[in-house]
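Worksheet: the structure to be examined is printed underneath.
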Amino acid sequence: MSEFTVTVFRFAFFVILWLFVFGVAGVLRRDIFGARRGPRKAKKNKAARGSSRQSAPAQNQQTQNQQAQPAPVPSRPAPRANPGSIRVTAGPMAGTSLILSGAPVTFGRAPDNTIVIDDDFASSHHARIIARNGAWVLEDLSSTNGTFVDGSRITAPFDLGIGTQITIGHTTLETQS
């Protein structure tokens, strides 16, 4: 091979190596900090832009009217029946069941939890279920990866009902009657 060909191969290898390094750095960033979840820009329809133009004073008045109206208050769902037990439906402990008796139930990796979840995505003291005002309430204990109820991350105590699915890491639990 000529010296020129060897130099081209070295340069190509150098470029591919750096692309690999940047790819690994991107994967590590997403793994450590999570995927970006910024607001997506809505695509504007060209036909709608041309036909629905309003004058500036009309737009200002419309904006003021919208701001003057109070925001709708979300209604609380009707109280659900209290669960009597909790069952692990997915994960390493699938099939395990626990009767809710009045004592707090804790979840996490630490051995002093009621249900020990051996999972890298579970914190040592991840979540707990306590009795409050005659209902069972699930609380996230400031876990790193969060506690999910029916697919949504909870940020405040959540009243449990029968059939509620709780996900901690790769483990899914379900409340039962």
Side-chain angles (χ1 to χ4, degrees), residues 10 12-43 71-177:
R10 284 182 180 172
F13 178 74
F14 182 74
V15 169
I16 291 171
L17 180 67
W18 275 105
L19 289 174
F20 176 76
V21 168
F22 285 128
V24 168
V27 169
L28 288 174
R29 184 196 56 77
R30 279 193 307 271
D31 191 36
I32 293 171
F33 299 111
R36 291 183 183 170
R37 296 182 191 238
R40 294 185 179 208
K41 294 181 181 178
K43 293 182 180 179
V73 177
S75 61
R76 257 191 101 99
R80 299 184 279 181
N82 285 331
S85 66
I86 188 160
R87 181 177 174 89
V88 180
T89 58
M93 297 179 58
T96 306
S97 221
L98 178 73
I99 295 174
L100 298 173
S101 62
V105 178
T106 57
F107 307 95
R109 286 192 329 227
D112 62 335
N113 286 301
T114 310
I115 296 181
V116 178
I117 300 174
D118 188 23
D119 187 344
D120 291 338
F121 293 97
S123 297
S124 58
H125 295 93
H126 195 97
R128 71 177 170 193
I129 296 176
I130 58 171
R132 185 182 293 161
N133 298 331
W136 290 105
V137 178
L138 173 69
E139 295 178 333
D140 182 71
L141 301 175
S142 300
S143 63
T144 303
N145 294 312
T147 303
F148 294 82
V149 173
D150 295 330
S152 300
R153 186 174 185 161
I154 63 168
T155 56
F158 185 86
D159 293 334
L160 295 174
I162 296 173
T164 303
Q165 288 194 344
I166 304 164
T167 304
I168 298 172
H170 296 296
T171 303
T172 302
L173 306 105
E174 185 175 338
T175 56
Q176 297 178 340
S177 59

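Not measured: the values here are computed from a predicted model.
In this structure, Asn133 has no side-chain contact (heavy atoms from CB on, under 4.5 Å) partners at least two apart in sequence or on a different chain. In this structure Arg132 satisfies the salt bridge (Lys or Arg N to Asp or Glu O under 4.0 Å) test together with Glu139, sequence neighbours excluded. Every residue two or more places apart in sequence or in another chain was checked for a ring-ring contact (aromatic ring centres under 6.0 Å, His included) with Phe148, and none qualifies. In this structure Val21 satisfies the side-chain contact (heavy atoms from CB on, under 4.5 Å) test together with Trp18, sequence neighbours excluded. Under the ring-ring contact (aromatic ring centres under 6.0 Å, His included) criterion, His170 pairs with Phe121, sequence neighbours left out.
In this structure, Thr96 and Ile115 have side chains that are not in contact, with every pair of non-hydrogen atoms separated by 4.5 Å or more. Contact annotation: the side chain of Ile117 never approaches that of His126 to less than 4.5 Å [non-hydrogen atoms, C-beta and beyond].
Between atom CG of residue Leu160 and atom CD of residue Gln165 there is a gap of 12.5 Å, rounded to the nearest 0.5 Å. Considering CD1 of Ile129 and CG of Leu100, their distance stands at 5.5 Å, rounded to 0.5 Å.
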Take Ile166 and Ile86 through the side chain to side chain contact (heavy atoms under 4.5 Å, CB included) test and state the conclusion after the steps.
-> CA-CA 10 Å; Ile166 304 164; Ile86 188 160; 3.9 Å; yes

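No donor-acceptor distance shorter than 3.5 angstrom exists from the side chain of Asp140 to the backbone of Ala127, with no hydrogens or angles considered. For Ser124 (side chain) and Ala110 (main-chain N/O), no donor-acceptor pair under 3.5 Å exists by modelled atom type. One N or O on the side chain of Thr175 and one on the backbone of Thr164 form a donor-acceptor pair closer than 3.5 Å. Side-chain atoms of Thr114 come within 3.5 Å of backbone N or O of Thr106 as a donor-acceptor pair. Side chain of Thr172 to main chain of Thr89: no donor-acceptor pair is present (N/O by atom type, distance under 3.5 Å, no hydrogens or angles).
Looking at every heavy atom in both residues, Pro92 comes nearest to Thr171 through CD-OG1, 3.9 Å. Listed here is the closest heavy atom pair of Ser177 and Ser85: O-OG, 3.9 Å. In terms of heavy-atom proximity, Ile168 sits nearest to Ala122 at CG2-CB, 4.0 Å. Nearest heavy-atom pair across Asn113 and Arg109 is ND2-N, 3.8 Å. Between Arg87 and Ser97, the shortest heavy-atom contact is CB-OG, 3.8 Å.
Between the side chains of His125 and Asp112, a donor-acceptor pair is found at a separation under 3.5 Å.
Residue Leu17 places its CG atom among more than 12 non-hydrogen atoms of other residues, nucleotides or ligands, all under 6.0 Å distant.
Applying the ring-ring contact (aromatic ring centres under 6.0 Å, His included) definition to pairs two or more places apart or across chains, none involves residues 87-114.
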